[in-house]
Amino acid sequence: MGQELNPPNPSPDTASLVKRLAGPSTTKAGLAKDQSEINRIIAEASKGSKFYDNEKRKDKELTERINKILKQRDDARQGVDISQIEKSTDHTLDQLESHRDLSQVIVHVDMDAFYANVELLHNPELKGKPFGVGAGVLSTASYDARKYGVRSGMPGFIAKKLCPELILVNINFTRYQEMSDKVMDIFRRYDPNMLAAGCDEGYLNITAYCEEHNLDPQACVQEMRAFVHKETNLTVSAGIAPNKNKPNGQFYLPFDRESIKSFMQDLPIRRIPGVGRVNERLLDAIGIKTCGDIYTHRATLSLMDKQFGLQFLLRIHLGIASNVVEPGKREERKIASAKVHFRTFSTLSDRQQILNKLEEVAAELEDDTERNGWTGKTVTLKYKLNTYQVYTRAKSFDRWISTKKDDLLAVCHHLWQYHLLLLVFLIFIIYRSARNFCQAILCQLG
DNA sequence: TACATACAC
DNA sequence: AATGGTGTATGTA
């Protein structure tokens, strides 16, 4: 009956598209029972949207890129002595192995569902209930929500489809920052040089602490985690290893070559920091799913060093990473930005409306930079079309730029060009190399 | 330098 | 109806 209304033979979603739509953090906290059913629901909810079309386009582009790479691989392997290449790669591996340093005790600490657990402390009524933190897109999901497949980075309306009783809690960043400060202070007792990575995780070198207090690493970390719990009521997971490649959750990796090797053998390559969704697919295409697979395909990787980065992957295979922990310089702010969102408008007739919006953004940025004393040397105009395609247009100067709205607008007009006539739904203006205005004010433009 | 892409959190 | 913000690194031209 109504079937004629549907488009004939809608092409089925490819596995890669379904996975892409499910978002980047599917492999992270896989507490859900049936991920494929969850992915199906997400793909279904996305279907027909501009967002979906854009993801489909990107997926297709990646597939084409993969096909190109496979062809390159086949060409590269023609008429070369594979065993010779393997031999030379083995030599590189031996070199790397000979420099392995097992002397440092590195701990990766990660607060469990940080935002969600802070909210739980604040509002105990949420206990046992599925909830997400954030509006629009979720910053995190409680453990009870994760059971349904709800994850960080997921739009609220899709999360609601997966879990209709989901509660949405507004984000309270100052609350998390406060708790983060407390937790980090505890970590610093064990390593004053620790590296804070975001507000809920970090890396520590506890070698010296263990020595001075005559503690073995596991007892030391146990004690540290107990302090965190006692002083903040929050829980923290930790991985202990001879370097910074984090295992997962709460884990002690024995400090010998064989244990590390067998740990890496079946570890999915996606779990390595720096291997995201794209590299996962590229590597999968040439047969690499786990860190162990790197060795099997070392000849191909060696021939295609430029595409894949041989050294990077060989180090991953061996489980060798940096074991230097530094606090990370407290840098100056680099970017000041403002944005405006808009939805419904038409193309040509609303040129003036777009210009008005642009002016709005410029005014907002002027306000922010004047108030906080920032300026910069590059103006970046970033805009998203209603197709979700993102464009950036930038102009750099050799002097500090005036933060006056009209000066900003002048630069933006110069950058804007023909997209003025298109459907735009998001505009950013960004100052790059933002510097404190007080220091820069003397050399700013007219 | 300009721009795009990939990634992390 | 509806799919993030901020920052870094890197490749390419």
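All chains are named by letter (A, B, ...) in the order of the sequence lines, taking the proteins before the strands, and each is independently numbered beginning at 1.
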Asker: Using a heavy-atom cut-off of under 4.0 Å over every strand shown, decide if A:V275 touches base, sugar-phosphate, or nothing.
Answerer: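 A:V275: backbone/sugar contact only, no base atoms under 4.0 Å.
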
Asker: Are any of A:N279's side-chain N or O atoms less than 4.0 Å away from OP1 or OP2 of B:dC7?
Answerer: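 Affirmative; the distance criterion is met.
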
Asker: Between B:dA2, C:dT6, C:dT12, which nucleotide has the shortest distance from any of its atoms to the side chain of A:K306?
Answerer: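 Looking only at side-chain atoms, A:K306 lies closest to C:dT12.
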
Asker: Roughly, in whole Å, what's the span from NZ in A:K382 to C1' in C:dG4?
Answerer: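 Checked: the NZ to C1' distance equals 10 Å.
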
Asker: Looking at A:S337, I'd like to know whether one of its side-chain N or O atoms comes within less than 4.0 Å of OP1 or OP2 on C:dT6.
Answerer: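 Yes, because at least one side-chain N or O of A:S337 sits under 4.0 Å from OP1 or OP2 of C:dT6.
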
Asker: Tell me: CG of A:L62 to P of B:dA6, nearest whole Å?
Answerer: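 After rounding, the gap between these two atoms is 7 Å.
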
Asker: Check the orientation of A:Y190 and A:F227. Use parallel for under 30°, tilted for 30 to 60°, and perpendicular for over 60°.
Answerer: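 Correct class here is tilted.
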
Asker: Using the side-chain heavy atoms of A:F157, tell me which of these nucleotides is nearest: C:dA2, B:dT5, B:dC7.
Answerer: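 Minimum distance to the A:F157 side chain belongs to C:dA2.
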
Asker: What's A:G276 touching, base or sugar-phosphate or nothing? Going by heavy atoms closer than 4.0 Å.
Answerer: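 The answer is sugar-phosphate, as A:G276 gets under 4.0 Å only of primed atoms, P, OP1 or OP2.
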
Asker: For a quick test of reading the model: is some side-chain N or O of A:K384 closer than 4.0 Å to OP1 or OP2 of C:dG4?
Answerer: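 For C:dG4, OP1/OP2 do have a side-chain N/O of A:K384 under 4.0 Å.
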
Asker: Are OP1 or OP2 of B:dT1 and a side-chain N or O of A:S396 less than 4.0 angstrom apart?
Answerer: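 No, A:S396 has no side-chain N/O under 4.0 Å of OP1/OP2 on B:dT1.
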
Asker: Using whole Å, what does the distance between atom C1' of nucleotide B:dA6 and atom CD1 of A:I69 come to?
Answerer: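 So the two atoms are 13 Å apart, to the nearest Å.
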
Asker: The side chain of A:R393 is closest to which nucleotide in this list: B:dC3, B:dC7, C:dT3?
Answerer: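 Side chain of A:R393 sits closest to B:dC3.
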
Asker: If only side-chain N and O atoms count, and only distance matters, is there a donor-acceptor pair under 3.5 Å linking A:D59 with A:S16?
Answerer: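 Yes, A:D59 and A:S16 have a side-chain donor paired with an acceptor closer than 3.5 Å.
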
Asker: Where the side chain of A:V278 is concerned, which of C:dT6, C:dT3, B:dC7 is the nearest nucleotide?
Answerer: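 Looking only at heavy atoms from C-beta outward on A:V278, the closest nucleotide is B:dC7.
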
Asker: Does NZ or CZ of A:R298 come closer than 6.0 Å to the centre of the six-membered ring of A:Y295, within 45° of the ring's axis?
Answerer: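 Positive - A:R298 is close enough to the ring of A:Y295 and near enough to its axis.
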
Asker: Can you say whether the rings of A:Y176 and A:Y115 are parallel (under 30°), tilted (30 to 60°) or perpendicular (over 60°)?
Answerer: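 Parallel, since the angle between the ring planes stays under 30°.
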
Asker: On DNA chain B, does the nearest nucleotide to A:E61 precede the nearest nucleotide to A:G198 from the 5' side, or the other way round? Give the residue.
Answerer: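 Between the two, 5'-proximity favours A:E61.
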
Asker: What does A:R65 touch in the nucleic acid at a heavy-atom separation under 4.0 angstrom: a base, only the sugar-phosphate, or nothing?
Answerer: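 Here A:R65 touches the backbone only, sparing every base.
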
Asker: Between C:dG5 atom C1' and A:Q177 atom CD, what is the distance in whole Å?
Answerer: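 In whole Å, C:dG5 C1' and A:Q177 CD are 15 Å from each other.
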
Asker: I need the CG-P distance between A:D200 and C:dT6, as an integer number of Å.
Answerer: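 Computing the A:D200:CG to C:dT6:P distance gives 18 Å.
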
Asker: The side chain of A:S46 is closest to which nucleotide in this list: B:dC9, C:dT3, C:dT6?
Answerer: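 Within the option list, the nearest is C:dT3.
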
Asker: CG of A:L138 versus C1' of C:dG5: gap in Å, rounded?
Answerer: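 Atom CG in A:L138 sits about 15 Å away from atom C1' in C:dG5.
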
Asker: On a whole-Å scale, what distance lies between the P atoms belonging to B:dA8 and C:dT3?
Answerer: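 Taking atom P in both B:dA8 and C:dT3, they lie 24 Å apart.
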
Asker: For A:R77 and A:T300, run side chain to side chain contact (heavy atoms under 4.5 Å, CB included): C-alpha distance rounded to whole Å, both residues' side-chain angles, the deciding distance at 0.1 Å, then the answer.
Answerer: CA-CA 7 Å; A:R77 287 179 70 101; A:T300 297; 2.7 Å; yes

Asker: Indicate whether OP1 or OP2 belonging to B:dA4 is found under 4.0 Å from a side-chain N or O atom of A:Y391.
Answerer: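 No, A:Y391 has no side-chain N/O under 4.0 Å of OP1/OP2 on B:dA4.
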
Asker: Atom CD1 of A:I42 and atom C1' of C:dA2: how far apart are they, to the nearest Å?
Answerer: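 After rounding, the gap between these two atoms is 15 Å.
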
Asker: May I have the distance from A:K161 (atom NZ) to C:dA1 (atom P), rounded to whole angstrom?
Answerer: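 So the two atoms are 10 Å apart, to the nearest Å.
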
Asker: Checking salt bridge (charged side-chain N to carboxylate O under 4.0 Å, His left out) against A:K405, which of A:E364, A:E370, A:E359, A:E366 comes through?
Answerer: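 Looking at A:E364, A:E370, A:E359, A:E366, the match for A:K405 under the salt bridge (charged side-chain N to carboxylate O under 4.0 Å, His left out) is A:E359.
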
